[in-house]
Number of protein chains: 2
Amino acid sequence: MLRTVSDRTDEAREPGDEPMPPADSEQLLRLERQLCFVLHATSRAFDTLYRPVLAELGLTYPQYLVMLAVWEHGERSVKELGQSLRLDSGTLSPLLKRLEKAGFVRRERSPADERSVVVQPTEEGIALRERAGDIPRRILRATGLDEQQLSELHGALSNVTSALDKAAEEIDRRE
Amino acid sequence: MLRTVSDRTDEAREPGDEPMPPADSEQLLRLERQLCFVLHATSRAFDTLYRPVLAELGLTYPQYLVMLAVWEHGERSVKELGQSLRLDSGTLSPLLKRLEKAGFVRRERSPADERSVVVQPTEEGIALRERAGDIPRRILRATGLDEQQLSELHGALSNVTSALDKAAEEIDRRE
DNA sequence: TAGCAGTCGGTTGTGCACAATCAAATGACG
DNA sequence: CGTCATTTGATTGTGCACAACCGACTGCTA
């Protein structure tokens, strides 16, 4: 059964802790479930599309993200990579080792601070950038989005993500 | 304060108000990269938020998705689960075994067709549904989205996903 | 009815992702 | 100087995800 959506939800929006009163839950809950599910699905759809394209270069999608960061900045510490890509060392360490073994990056301890490891592209890694040049365009076409839609979607996802981060942070603080 | 991905890029271009940007590939490529990245990030942000909540029930997020499907339909074949959740048997088989070992589902070969395996909730699995009842509401609040935004985002993601699926299908057909 | 192509799950191997834990280096403080 | 908390990567263990492959079952067809 389908409830009418148009019930009011107009009350004051405290970003803090509203008890979340709406009795019209059915519809909302359905939406929540669908959102989580479709997000999952979209993520995997992207992955599926990138996979064969990147395979030509010998990269996986997360490896590609790392190479993008390294190409752009010339060199990045593991910490910086982890922050910008939202990955922890348990994920990055083996991933970077695979990239090193593949010959795309060099890893070395910083002389300034022996705790940090600096990642930089090798010659081969830099050369790879050329071969990867047309990937974004190919992917872009597949999405079927124009610039407007692209940036709207990006904005919406950014907002959700930062809301979720804030919520997680909140929970963190509570213990 | 915690910044997300969408931080300003190096230049001061405001997205959305391009006058007439047909040949301006740089901007487009940047958007592509950001979209893929933020999608990845959003997916993980959701996961991070769900993780501790579901841990109370002894479920992971994909397991939760399976239970949602099973709760709703009473019983589902592995094939059906795979189709609706976009998971293949290599992922589902061990996942279902873990759910079985946890006591939430039963798995048995269909008498009608010995090839297929039917999954259904146990008593304990059905009981779990009650305890999971308030999860959507808690998550929903954390997203900070109202119903309108929620369904817009859902629509946008659905469109992208089906475009990507179509593209992948296209590629498939070409070999 | 005998054979065979297609369907359905399962297994194996690789890689991503996180939690928990650890060791080494650093930096602040007495 | 020595102590100790912090920072930084690495390691281990669990679970998700897919590709490639296998074996059992089904259903069609010669």
Side-chain angles (χ1 to χ4, degrees), chain A residues 36-37 39-52 54-55 58-67 76-83 85-102 107-119 168 172 175, chain B residues 36-37 39-52 54-55 58-67 76-83 85-102 107-119 168 172 175:
Chain A
C36 296
F37 172 72
L39 184 66
H40 218 67
T42 308
S43 179
R44 250 155 323 127
F46 262 97
D47 200 64
T48 303
L49 195 67
Y50 271 98
R51 188 183 295 272
L54 292 176
L59 293 175
T60 64
Y61 182 62
Q63 287 169 9
Y64 174 60
L65 292 179
V66 168
M67 290 309 295
R76 303 245 83 182
S77 73
V78 173
K79 177 184 170 61
E80 288 168 330
L81 287 173
Q83 283 174 343
L85 302 179
R86 300 177 66 98
L87 297 174
D88 67 3
S89 67
T91 301
L92 275 174
S93 289
L95 188 157
L96 291 171
K97 282 184 182 174
R98 282 186 286 270
L99 282 178
E100 186 179 40
K101 193 159 72 172
R107 296 186 312 136
E108 40 198 34
R109 292 274 165 188
S110 162
D113 186 339
E114 284 284 337
R115 287 172 304 180
S116 85
V117 169
V118 172
V119 178
D172 243 27
E175 56 200 35
Chain B
C36 298
F37 175 70
L39 185 66
H40 219 67
T42 307
S43 179
R44 255 160 316 131
F46 262 96
D47 198 66
T48 303
L49 196 66
Y50 271 97
R51 188 183 295 274
L54 292 176
L59 294 176
T60 64
Y61 182 64
Q63 287 169 9
Y64 175 61
L65 292 180
V66 167
M67 291 308 295
R76 303 246 83 183
S77 74
V78 173
K79 177 184 171 62
E80 288 168 330
L81 287 173
Q83 283 174 342
L85 302 179
R86 302 176 65 96
L87 297 174
D88 68 2
S89 67
T91 301
L92 274 175
S93 288
L95 188 157
L96 290 171
K97 281 186 181 173
R98 282 186 287 269
L99 282 178
E100 187 178 39
K101 194 160 69 173
R107 296 185 312 135
E108 40 200 33
R109 293 272 164 191
S110 161
D113 185 341
E114 284 285 337
R115 289 172 302 180
S116 83
V117 170
V118 171
V119 178
D172 243 26
E175 57 202 33

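Side-chain atoms are counted along with the backbone in the values below, which use heavy atoms only and exclude waters and symmetry mates. In the text below, chain A, chain B and the rest are named by the order of the sequence lines, each starting its count at 1. Just so it is clear, the structure is predicted and the values come from calculations on it, not from any experiment.
- The residue A/T48 sits apart from the nucleic acid: no heavy atom pair falls under 4.0 Å.
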Checking A/Y61 against B/C36 for the side chain to side chain contact (heavy atoms under 4.5 Å, CB included) test, could you report, in this order, the C-alpha distance in whole Å, the side-chain angles of both residues, the deciding distance, and whether it holds? CA-CA 10 Å; A/Y61 182 62; B/C36 298; 2.8 Å; yes
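- Across the interface with DNA chain D, nearest-nucleotide mapping of A/R115 and A/P94 shows A/R115 to be the residue nearer the 5′ end.
- Rounded to the nearest 0.5 Å, atoms OG1 (A/T91) and CZ (B/R44) are 8.0 Å apart.
- Two residues are said to be in side-chain contact when any heavy atoms from C-beta on lie closer than 4.5 Å; B/R51 and B/D47 meet this criterion.
- When rounded to the nearest whole Å, the span between CG of A/L96 and P of D/dT8 equals 16 Å.
- The CD-C1' distance, from A/E114 to D/dT6, rounds to 18 Å in whole Å.
- Atom-to-atom, CG of A/D88 to P of D/dT12 comes out at 16 Å; the value is rounded to the nearest Å.
- Closest to the side chain of A/V117, from the set C/dT11, D/dG15, D/dA10, is D/dA10.
- A/S43 contributes no side-chain N or O that, together with a main-chain N or O of A/L39, makes up a donor-acceptor pair within less than 3.5 Å.
- Atom OH in A/Y50 sits roughly 18 Å away from atom C1' in D/dC18 (whole-Å rounding).
- Both A/D113 and A/H40 lie near DNA chain D, and the one whose nearest nucleotide falls closer to the 5' end is A/D113.
- For A/P111 and A/P62, each mapped to the nucleotide of DNA chain C holding its nearest heavy atom, the one lying further toward the 5' end belongs to A/P62.
- Residue contacts shown for B/T91 include a base, since a base heavy atom lies under 4.0 Å away.
- A/Q63 CD to A/L99 CG: the interatomic distance, rounded to the nearest 0.5 Å, is 4.5 Å.
- Within the 4.0 Å cut-off from OP1 or OP2 of C/dT14, not a single side-chain nitrogen or oxygen of A/R51 is found.
- Atom CG of A/L87 and atom P of C/dG15 are 16 Å apart (whole Å).
- Distances shown here put a side-chain N or O of A/K97 below 4.0 Å from the OP1 or OP2 atom of D/dT11.
- For the pair A/S93 and D/dA10, the criterion of a side-chain N or O lying under 4.0 Å from OP1 or OP2 is met.
- Using a 4.0 Å heavy-atom distance criterion, A/D47 is classed as making no nucleic acid contact.
- A/R44 has its CZ atom 14 Å from the C1' atom of C/dA17, to the nearest Å.
- Atom-to-atom, CZ of B/R109 to P of D/dG23 comes out at 15 Å; the value is rounded to the nearest Å.
- Look at NZ on B/K79: it is 8 Å from C1' on C/dC8, rounded to the nearest Å.
- Residue A/R107 places no side-chain N or O under 4.0 Å from the OP1 or OP2 atom of D/dT8.
- Counting any heavy atom pair closer than 4.0 Å across all strands shown, A/S89 reaches a base atom.
- Contacts of B/S116 with the nucleic acid, taken as non-hydrogen atoms under 4.0 Å apart, involve only primed sugar atoms and P, OP1 or OP2.
- A distance of 12.5 Å separates OH in B/Y50 from OG1 in B/T60, rounded to the nearest 0.5 Å.
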